[in-house]
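Comments concern the structure below.
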Amino acid sequence: MTDVRQMQENPIGVAHFSAIQLPPHEFVRQAAAAGFSAVGLRLHPAFAGAPYYELPQGSRAASEFRTLLDSEGMRVFDIEFFIIGPDFKASAVEHIVAAAADIGARRLSACGDDTDRGRLVDNFNAYCQLAGRYGLAVDIENMGWRAVGSYKDSAALVHACGRDNAGALVDAIHFFRNGGSVDEIDVDIVRHVQLCDVAGPPPEGAEGMINEARAGRLAPGDGILALKDLVAKLSGKAAISVEVPLVGDTPASAHLRNLNLKAREILRAET
């Protein structure tokens, strides 16, 4: 059983992608039972055809969800996932930003996929401005197959934007697989780190990177990534969560429980 004191001293969240087949209410229940204290939710599709869920602002479903969070002692940390591409318009997703604020979320997660630098900065700025009106912040996550492919790219975008509520999300797989070094992390702009692990050499090409990210992740500590160094750098400065999609027929409850235990082993090693 997870130590209650450790749960209180080292709160850990879990991304919805870790068990995306579970709707928000059930995901919260199972995440709480597994020992997590926060969840991320997919309220916007990460790509065309990707699963997501809706909890519209002011709806009965949102009200019931807030009640569930209180009863389980849980909170929503971030809402995924927004692609800031050439056609991105912040106003088009305002209803989702409003829904995120309505259920108590703190941050929004996005990626940058526009090779027009000026337009990307302007759209990211506009999105941060919109989020700020609802008391939310926005984190850019680098992905090797997108325009913002490395941590350096995401950090540069945050600094170019210049807004106080703009940040960089460090997802271990994307950070390390795309040349990131723990020493280069700017702790003043990173407010969220997602743990996972991988084994073997980096995949080649966009398709290989996508397949690994969606179906090749391992639980923290089961692979080769320098997660202890990452946690040592960001512990106490950034929220820590886990993102490892469930692949195969393992029950979601067992999968989430294993992720929590493995993540806490990493945290214990750091203290």
Side-chain angles (χ1 to χ4, degrees), residues 15-17 20 40-53 78-97 100 105 107-132 136-163 165-180 184-186 189-194 196 198 202-217 241 243 245:
H16 206 165
F17 196 30
I20 193 61
L41 292 180
R42 282 277 176 97
L43 299 189
H44 190 260
F47 51 90
Y52 71 102
Y53 299 89
D78 70 314
I79 298 299
E80 296 182 317
F81 192 80
F82 304 87
I83 301 174
I84 304 178
D87 299 324
F88 179 82
K89 295 290 187 292
S91 59
V93 295
E94 183 169 2
H95 65 292
I96 304 173
V97 176
R107 309 186 76 86
L108 306 167
S109 296
C111 67
D113 204 14
D114 189 351
T115 56
D116 184 322
R117 171 77 173 176
R119 183 173 58 201
L120 176 61
V121 172
D122 288 346
N123 282 335
F124 182 45
N125 191 299
Y127 192 35
C128 289
Q129 186 176 15
L130 170 65
L136 297 169
V138 182
D139 293 315
I140 284 288
E141 178 180 0
N142 70 280
M143 297 179 179
W145 62 91
R146 299 193 185 276
V148 178
S150 68
Y151 166 77
K152 288 183 179 179
D153 294 336
S154 58
L157 180 58
V158 170
H159 288 301
C161 173
R163 289 195 172 272
N165 67 332
L169 191 164
V170 171
D171 182 323
I173 187 173
H174 301 307
F175 178 78
F176 287 112
R177 286 305 210 195
N178 292 289
E184 71 180 319
I185 293 176
D186 181 350
I189 65 170
V190 176
R191 292 291 174 265
H192 186 193
V193 55
Q194 290 181 327
C196 66
V198 291
E204 296 183 3
E207 184 175 353
M209 288 187 283
I210 291 171
N211 288 339
E212 183 180 58
R214 295 177 184 171
R217 301 191 195 209
S241 67
E243 184 174 59

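As the structure is a prediction and not an experimental result, all values here were calculated from the model. For the single chain, residues carry numbers from 1 onward in sequence order.
In this view, Pro86 and Asp114, Arg119 satisfy the side chain to side chain contact (heavy atoms under 4.5 Å, CB included) rule, not counting sequence neighbours. Taking Asn165 as the reference, nothing meets the side-chain hydrogen bond (donor to acceptor under 3.5 Å, both in side chains) condition, with sequence neighbours excluded. Asp153 pairs by the salt bridge (Lys or Arg N to Asp or Glu O under 4.0 Å) definition with nothing, not counting sequence neighbours. In this structure, Phe176 has no ring-ring contact (aromatic ring centres under 6.0 Å, His included) partners at least two apart in sequence or on a different chain. With sequence neighbours left out, Glu243 forms a side-chain hydrogen bond (donor to acceptor under 3.5 Å, both in side chains) with Arg217. For Asp78, there are no salt bridge (Lys or Arg N to Asp or Glu O under 4.0 Å) partners two or more places apart in sequence or in a different chain. With sequence neighbours excluded, the residues forming a ring-ring contact (aromatic ring centres under 6.0 Å, His included) with Tyr127 are Phe82, Phe88, listed by chain and number. Residues forming a side-chain hydrogen bond (donor to acceptor under 3.5 Å, both in side chains) with His174 (at least two apart in sequence, or on another chain): none. For Ala160, the side chain to side chain contact (heavy atoms under 4.5 Å, CB included) partners at least two apart in sequence or on another chain are Arg117, Val121. A search for salt bridge (Lys or Arg N to Asp or Glu O under 4.0 Å) contacts involving Arg191 returns nothing, not counting sequence neighbours.
The minimum heavy-atom distance linking Ser109 with Leu169 is given by the pair OG-CD1, 3.4 Å. A pairwise comparison of heavy atoms in Glu184 and Gly179 identifies OE2-O, 3.8 Å as the closest pair. What you find for Ala168 and Ser154 is that their closest heavy atoms are CB-OG, 4.2 Å. Of all heavy-atom pairs between Pro245 and Ala213, the closest is CG-O, 4.0 Å. The two residues Cys128 and Cys161 have their closest heavy-atom pair at SG-SG, 4.1 Å.
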Expected list for residues 42-50: side-chain donor-acceptor pairs under 3.5 angstrom, two or more places apart:
residue: Arg42; atom: NE; partner: Glu80; partner atom: OE1; Å: 2.9
residue: His44; atom: ND1; partner: Phe81; partner atom: O; Å: 2.9

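Side chains of His159 and Asp186: a donor-acceptor N/O pair is present below 3.5 angstrom, by distance only.
Looking only at side-chain heavy atoms (C-beta outward), Arg177 and Glu212 come within less than 4.5 Å of each other. Within the 4.5 Å cutoff, side-chain heavy atoms of Ile140 are placed close to those of Phe124. Counting only heavy atoms from C-beta outward, the side chains of Leu120 and Val148 approach each other to under 4.5 Å.
Here CD1 of Ile185 is found 6.0 Å from OH of Tyr151. Values are rounded to the nearest 0.5 Å.
Under the side chain to side chain donor-acceptor pair (under 3.5 Å) criterion, the residue pairs touching residues 139-148 are Arg107-Asp139, Asp113-Arg146, with sequence neighbours excluded.
Counting non-hydrogen atoms of other residues, nucleotides and ligands closer than 6.0 Å to OH of Tyr52 gives a total of 12 or fewer.
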